[in-house]
Amino acid sequence: MGQAPSSPSSSPDDVLGSDAATGAGNRFVVQPVTPQLKAKGATLVLEVDALGFRLLKPTTLDAVNAFGWGEIHSWLHSPGRFSFRFYEEKSQSIVEYSFKLQQVDDLLASMEVFIEAVMSQRKAKAISDTDFEQLIVQLEQTTPADRAARISTAAQFCFFTSLQGSTLMGTVENTFDKMDVAIALHHRLIDQTQFATLLCCLECEEDRDNVWHRILTNKAHKQPACPAT
């Protein structure tokens with residue numbers, strides 16, 4: 001993960017918590033730049049933890065929005081500024097949230113700690129190189145119409161790298177099957193923040209948006225939505 005340019009040392013006004021070692025979230029005071037976020041307040045708190053990002057109200061720490069690592073499309077940073085992109089169900093498009101903050105380096109360091117912790121847990125359940133090679137052979141011997149189902153079954157028992165996921169995507173021919181495979185692998189990637197690599201295997205933006213829509217719909221059915229107040 002790339003490093004941001006150096007920034008001033010942390011101060012209590014900028015960093016509200018720092019306990020990544022225990023899995024607790026680190027909180028950073030941010031100033032929204034995106035008009036949609038400005039309506040939520042001139043100042044918000046961005047919390048980073050093992051699950052992803054949460055935007056909190058500064059006085060009550062009530063949640064405004066939550067974004068799992070697998071939902072975050074990408075992020076950018078520069079001195080005093082941080083942005084991340086995600087698929088918004090309401091607009092059915094990729095949306096970018098931008099913030100001003102002083103502690104960009106500290107934010108990136110927190111993200112790296114939590115992402116590495118998640119990846120370490122998933123690596124322990126990763127498919128071995130030998131088993132992956134055997135899976136590819138099995139898929140080649142399987143009729144194309146049945147390959148997506150076989151991949152979905154395999155994904156129930158082990159984790160894959162995004163590179164392996166792209167390889168699996170390449171074994172299916174039908175666009176609908178490719179979308180099914182991407183959805184099945186989304187939560188079973190070791191490096192889940194690289195999920196966009198799998199989406200690149202789909203030819204058009206509408207198909208990629210459809211995948212995000214189905215992922216978020218499945219998530220909404222499994223857990224309560226974060227209040228967007």
Side-chain angles (χ1 to χ4, degrees), residues 1-90 94-122 187 189-196 215-216 219-220 222-229:
M1 183 178 298
Q3 294 296 315
S6 59
S7 58
S9 58
S10 303
S11 69
D13 292 334
D14 299 316
V15 183
L16 301 183
S18 181
D19 200 11
T22 64
N26 289 356
R27 296 169 181 167
F28 301 84
V29 175
V30 297
Q31 294 176 309
V33 175
T34 307
Q36 180 181 350
L37 284 178
K38 284 185 175 180
K40 307 287 186 181
T43 300
L44 293 173
V45 174
L46 177 61
E47 182 180 67
V48 186
D49 62 17
L51 299 179
F53 294 145
R54 286 203 309 161
L55 287 173
L56 312 174
K57 294 182 178 179
T59 54
T60 63
L61 297 183
D62 290 336
V64 175
N65 293 103
F67 309 89
W69 290 120
E71 300 171 50
I72 299 169
H73 183 277
S74 56
W75 57 79
L76 298 170
H77 60 89
S78 60
R81 192 149 179 164
F82 178 78
S83 305
F84 68 87
R85 304 175 72 206
F86 64 97
Y87 180 81
E88 183 180 62
E89 180 65 16
K90 181 179 180 180
I94 299 295
V95 173
E96 180 175 313
Y97 277 180
S98 297
F99 311 89
K100 292 181 180 178
L101 76 160
Q102 291 299 316
Q103 307 305 322
V104 175
D105 280 355
D106 293 335
L107 172 60
L108 294 175
S110 294
M111 290 169 57
E112 186 168 6
V113 168
F114 286 119
I115 291 172
E116 287 296 329
V118 172
M119 289 180 63
S120 295
Q121 295 174 359
R122 295 185 173 200
H187 65 293
L189 293 181
I190 296 171
D191 50 342
Q192 195 179 33
T193 56
Q194 300 301 316
F195 178 66
I215 288 172
L216 295 181
K219 177 187 175 184
K222 292 179 180 179
Q223 63 186 38
C226 174
T229 56

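Being a predicted model, the structure only gives us computed values, none of them experimental. What you see below is based on every heavy atom in this structure, not just the backbone, and it leaves out hydrogens, waters and symmetry mates.
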Colleague: For the atom pair CZ (R27) and CZ (R54), what is the distance rounded to the nearest 0.5 Å?
Modeller: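 Interatomic distance, R27 CZ to R54 CZ, rounded to 0.5 Å: 6.5 Å.
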Colleague: At what distance, to the nearest 0.5 angstrom, does CG of D191 lie from CZ of R122?
Modeller: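 So the gap between those two atoms works out to 9.5 Å.
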Colleague: Tell me, do D106 and N26 make a side-chain contact under 4.5 Å, heavy atoms counted?
Modeller: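 Heavy-atom side-chain distance check fails, nothing below 4.5 Å.
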Colleague: Can you give me the closest heavy-atom contact between V45 and P58, atom names plus distance?
Modeller: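 Closest pair (atom of V45, atom of P58, distance): CG2-CA, 3.8 Å.
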Colleague: Determine whether K57 and V64 make a side-chain contact, defined as any pair of heavy atoms from C-beta on separated by less than 4.5 Å.
Modeller: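 The answer is yes; the side chains approach within 4.5 Å.
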Colleague: Would you check if the side chain of R81 reaches a backbone N or O of S98 as a donor-acceptor pair within less than 3.5 Å?
Modeller: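 Looks like no, no N/O pair under 3.5 Å.
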Colleague: Output the distance between atom CG (L46) and atom CD (Q103), rounded to the nearest 0.5 Å.
Modeller: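 Result: 13.0 Å between the selected atoms.
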Colleague: With sequence neighbours excluded, tell me which residues meet side-chain contact (heavy atoms from CB on, under 4.5 Å) with K100.
Modeller: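 Q31, V33.
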Colleague: For the residue pair Y97 and F53, establish whether any side-chain heavy-atom pair is separated by less than 4.5 Å.
Modeller: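 In short, these two side chains do not touch, never coming nearer than 4.5 Å.
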Colleague: Taking the side chain as every heavy atom from C-beta outward, state whether L108 and H77 have any pair of such atoms under 4.5 Å apart.
Modeller: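 A side-chain contact under 4.5 Å exists here.
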Colleague: Quick one: pull up CG in L107 and CZ in F99 and give me the separation to the nearest 0.5 Å.
Modeller: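 Output value for this atom pair is 9.5 Å.
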Colleague: Which heavy-atom pair separates L101 from V104 by the least distance, and what is that distance?
Modeller: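 In terms of heavy atoms, the two residues are closest at O-CG2, 3.7 Å.
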Colleague: Should I115 and T193 count as side-chain neighbours, where that means a heavy-atom distance under 4.5 Å?
Modeller: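 They are in side-chain contact.
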Colleague: State, with a plain yes or no, whether a side-chain heavy atom of L44 is found less than 4.5 Å away from one of L56.
Modeller: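 The answer is no, as the side chains (C-beta and beyond) never meet within the 4.5 Å cut-off.
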Colleague: Indicate the atoms forming the closest heavy-atom contact of L55 with F67, along with that distance.
Modeller: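 Closest approach of L55 to F67: CD1-CE1, 4.2 Å.
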Colleague: Only counting residues at least two apart or in another chain, list the ones meeting side-chain hydrogen bond (donor to acceptor under 3.5 Å, both in side chains) with Q121.
Modeller: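 Result, side-chain hydrogen bond (donor to acceptor under 3.5 Å, both in side chains) vs Q121: none returned.
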Colleague: Going from CD on E96 to CD on Q36, what distance comes out if it is rounded to the nearest 0.5 angstrom?
Modeller: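 Those atoms lie 12.0 Å apart.
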Colleague: Answer whether the closest heavy-atom distance between the side chains of M111 and F84 falls below 4.5 Å.
Modeller: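 M111 vs F84: side chains apart.
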